[in-house]
Every structure is written in structure tokens, then in C-alpha cells.
> 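Okay, handing you the structure first.
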Amino acid sequence: MSEVYFLKIKKQSPKILAEAGKKISKVFSNFFDSGDKVAIKLHFGERGSQTYLSPILVRAIYQKLQKKVEKAALVDCNVLYKGERSFASSHKKLARDHGFGFAPILILDGEKGDEEIKIKINKKHFKEIKVGKGIKDFNAILNISHITGHGITGFGGALKNVGMGLGSKGGKLEMHQAFRLEINPDLCQGCGTCQSECPVKAISIKNDKAQIDYQKCIGCGKCISVCPFEAVEIPWGASSAKDLQERIVEYAFGILKQRKTFFLNVLLNITPQCDCVREKQKPMVKDIGILGSQDIVAIDKASLDLVGKNYFEKPGVDPSFQIDYAQKLNLGEKDYKLIEIK
Ligand code: SF4
Ligand code: SF4
């Protein structure tokens with residue numbers, strides 16, 4: 001049974017978050033050594049998002065960690081869709097604008113997202129995976145995930161932050177290839193909202209109905225979230241949502257093997273969509289706190305349990321499938337003991 005540490009936070013303020021960062025850092029104080037080079041993986045938040053990870057919290061964690069280890073930096077990789085987070089220079093600027101300029105910031109797959117290393121894994125979907133090249137300079141990862149819902153996988157936690165997050169652009173494309181959305185013509189009103197929101201212009205309106213160009217679609221799921229008539233569907237019985245979850249988990253497997261890893265899941269501002277959404281979102285539930293564990297499976301299971309699985313379910317999507325698959329790959333175990341930090 002794995003240990004998951006739990007720091008309750010009912011209300012947020014800069015002071016409370018700074019204190020919380022110091023407190024939660026105690027759970028990994030004996031885990032990292034003086035010779036470790038630690039990549040702190042996080043999502044800096046898309047422009048317009050207001051509920052991304054608090055830089056005050058991350059700064060407090062970074063300050064504790066960097067005193068202990070040889071090197072620590074905040075890292076992420078570029079995204080597939082067009083925007084500030086698709087190039088390293090604008091990605092870093094956005095991170096600084098969002099308050100993360102207190103530490104070195106590295107975008108591991110380079111300026112255009114094409115600098116990658118290949119890691120052999122020999123799993124069901126992938127023989128090898130494509131990961132941001134800069135990860136080779138780190139022997140350890142401290143993964144800080146903001147718990148949110150997600151358009152396709154239902155739930156976004158540590159598995160997704162590592163697996164999808166550290167894939168190069170080529171890697172992200174491979175993961176998304178599992179995925180094919182459909183427009184329900186009976187529900188589509190031809191309003192064009194999905195067309196204007198699609199980051200790669202994959203949607204056109206013909207005869208008052210939306211159509212997806214699958215050659216262009218990168219599977220970001222944004223059209224599902226923005227459609228006011230719930231006309232964008234993951235086909236019932238289709239394996240696409242499960243396939244995507246399996247692919248993300250296989251990436252996490254490859255990235256985590258042979259590296260020291262510790263996980264923090266932040267259950268604050270828990271929104272229906274992830275921090276790639278360029279708009280203000282309303283949290284689905286009250287703030288819960290922060291979890292810490294060495295076990296990526298246990299920490300995601302505990303996060304799902306504490307929020308409530310029902311908040312992440314959608315037709316055709318079981319949000320816990322990724323956790324089951326990760327256990328199957330021996331990434332960790334679902335059985336956990338919650339230990340409250342006072
Ligand atoms: S947002 Fe929904 S209703 Fe509007 S065009 Fe797109 S699929 Fe159709
Ligand atoms: S999932 Fe939807 S919004 Fe995203 S790229 Fe494909 S068609 Fe566009």
C-alpha cells in the first residue's frame with residue numbers, strides 16, 4: 001500500500017499558499033540528494049487562464065528544493081496547437097508573465113518542439129516514445145500537477161502532466177492519433193463556435209453543420225468543451241478515449257523509468273477543463289489541498305477519490321481507466337493510505 005500525504009487547504013491567500021509550499025516540501029525533503037538534478041514539471045497556464053498553478057506556491061517549493069540539490073529548473077514542453085506555448089521563446093515569456101520568473105525556465109523540446117530523444121519501451125502502442133530532449137540533463141523529476149478535468153481523458157492529473165506534458169510535438173501527435181471526434185448532425189446548430197475556437201482551423205461549416213478535417217485535427221478536445229449544444233461527441237463504444245489514456249500512460253512509463261520521481265497534486269481551483277483553455281473557468285468543487293507521494297498511481301487515485309469521480313465522467317469516458325492501465329504497467333498501485341499533514 002502506497003503512502004499519500006495530504007495537506008488540507010480550505011481557503012487560499014498568498015500567505016497560506018507560501019506556507020503550504022513550505023509544509024508540503026517536507027514530504028520530499030529526504031527524497032532528493034545533493035547531487036540530484038531535478039526537473040520540476042508543471043504547466044504554466046495558457047494566456048487568459050486564471051486558475052493555473054499558483055506561482056507563490058511553486059516558488060516556496062522551488063526555494064526549499066534548490067537549497068538541497070545540485071540543480072533545479074521549471075520545465076515543460078511545447079504544445080501542438082498554435083499559440084504562445086507552441087514556441088519555447090514565447091512559452092518562456094508567458095511563464096514569466098504568469099509569475100514563474102523566480103527560477104530557471106526550460107522548454108525541453110526546443111524552440112519549435114522538434115528537439116527530442118527516443119526512449120525504448122516496447123509496450124502495446126509504442127515501441128519507443130519521443131520526449132523533449134532536455135530531459136536527458138536531469139536524473140530526477142518533481143512533478144507538480146494541477147488537478148483538472150479534461151476534454152478527452154476526463155481527468156487530468158500526474159499521469160497526464162508527465163505523459164502528455166513531456167512528449168515532444170512529435171510525441172504529442174503520436175498520442176493524439178488515437179482520437180477521432182464526431183459531430184452529431186441532429187444536435188449541431190451550425191453556430192460556428194467550435195470553428196472559431198479550433199486552434200488548428202480543422203473545422204468548417206457546410207450546410208449549417210460543422211465538419212472536422214481529421215488531417216488537421218490534433219485532438220485537443222477544445223471543440224467538445226466550447227460547443228453550447230453538446231454536438232461534438234466521442235463516439236460511443238469507440239476505443240479512442242481509452243486509447244489516448246493508454247498512450248499517455250505509456251509515455252509516462254518511458255519518461256519515469258530510470259529516474260527518481262516525486263509527485264505533488266494540487267487540488268485547488270479544480271476546473272472542468274485543463275489550463276490550456278484560454279479563458280476564465282469556474283471551479284467545480286471547493287478547494288481541497290495538496291497531495292504528495294512517490295507513487296504516481298496512488299496519488300492520481302487519491303485525487304480522483306477526494307474530488308469525486310463523477311465530476312470527471314462524460315459519455316464514453318471512464319476517467320479512472322488511465323489509473324488502471326498505469327497499475328497494469330507497474331507504475332504504482334491503486335491502494336493507498338492517506339496521511340494528513342498538520
Ligand atoms: S459549436 Fe457545436 S453547434 Fe456550433 S457549429 Fe460547432 S458543433 Fe455545431
Ligand atoms: S479536437 Fe476539435 S478543436 Fe481540437 S483540433 Fe480537433 S477539431 Fe479542432
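Order of appearance sets the numbers: ligands from 1, and atoms from 1 within every ligand.
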> Is the NZ or CZ atom of Lys71 positioned over Phe138's six-membered ring, under 6.0 angstrom from the centre and within 45° of the axis?
yes

> Give the numbers and elements of all ligand 2 atoms closer than 4.0 Å to a heavy atom of Val200.
5 (S)

> Would you mind running through ligand 1 and noting each atom that sits below 4.0 Å from a heavy atom of Ile205?
5 (S)

> Identify whether the distance between the nearest side-chain nitrogen and carboxylate oxygen of Lys260 and Asp33 falls below 4.0 Å.
yes

> Is there a donor-acceptor pair under 3.5 Å between the side chain of Asn207 and the backbone N or O of Lys209?
no

> Answer yes when Lys133 and Glu116 have at least one side-chain N-carboxylate O distance shorter than 4.0 Å, and no when they do not.
no

> Could you tell me if any non-hydrogen atom of Leu187 lies under 4.0 Å from any atom of ligand 1?
no

> Taking heavy atoms and a distance under 4.0 Å, where does Val232 meet ligand 2: side chain, backbone, both or neither?
neither

> Counting non-hydrogen protein atoms only, what is the nearest one to atom 8 (Fe) of ligand 1? Give residue, atom name and distance.
Cys188 SG, 2.4 Å

> Take every heavy atom of Pro228, measure it against each atom of ligand 1, and state whether any distance is under 4.0 Å.
yes

> So if I count the atoms of ligand 1 from 1 in the order they appear, which ones are less than 4.0 Å from some heavy atom of Gly190?
5 (S), 8 (Fe)

> Taking the six-membered ring for Trp, are Phe100 and Phe102 parallel (under 30°), tilted (30 to 60°) or perpendicular (over 60°)?
tilted

> Is any N, O or S atom of Cys223 under 2.8 Å away from atom 2 (Fe) of ligand 2?
yes

> Check this for me: does any side-chain nitrogen of one of Lys11 and Asp287 sit under 4.0 Å from a carboxylate oxygen of the other?
no

> Is a salt bridge present between Glu19 and Lys22, judged by a nitrogen-to-oxygen distance below 4.0 Å?
yes

> Can you sort out which atoms of ligand 1 are near Cys227, meaning under 4.0 Å from one of its heavy atoms?
1 (S), 2 (Fe), 3 (S), 7 (S)

> Which of the numbered atoms in ligand 1 are under 4.0 angstrom from any heavy atom belonging to Gln189?
3 (S), 8 (Fe)

> Using a 4.0 Å cut-off to any heavy atom of Ile203, which atoms of ligand 2 qualify?
7 (S)

> Give me the one residue out of Glu250, Arg247, Lys124, Glu246 that meets side chain to side chain donor-acceptor pair (under 3.5 Å) with Tyr325.
Glu250

> Counting each atom of ligand 2 from 1 as listed, which ones have a heavy atom of Leu181 under 4.0 Å away?
1 (S)

> If you count the atoms of ligand 1 from 1 in the order shown, which ones are under 4.0 Å from a heavy atom of Phe229?
3 (S)

> I need the nearest protein heavy-atom contact for atom 4 (Fe) of ligand 1: residue, atom name and distance, please.
Cys191 SG, 2.3 Å

> Could you list which atoms of ligand 1 come closer than 4.0 Å to a heavy atom of Cys194?
1 (S), 5 (S), 6 (Fe), 7 (S)

> So, taking the atom named NZ in Lys337 and the one named OG in Ser2, what distance separates them when rounded to the nearest 0.5 Å?
11.0 Å

> Which distance, rounded to the nearest 0.5 Å, do you find between the NZ of Lys172 and the CG of Asn78?
7.0 Å

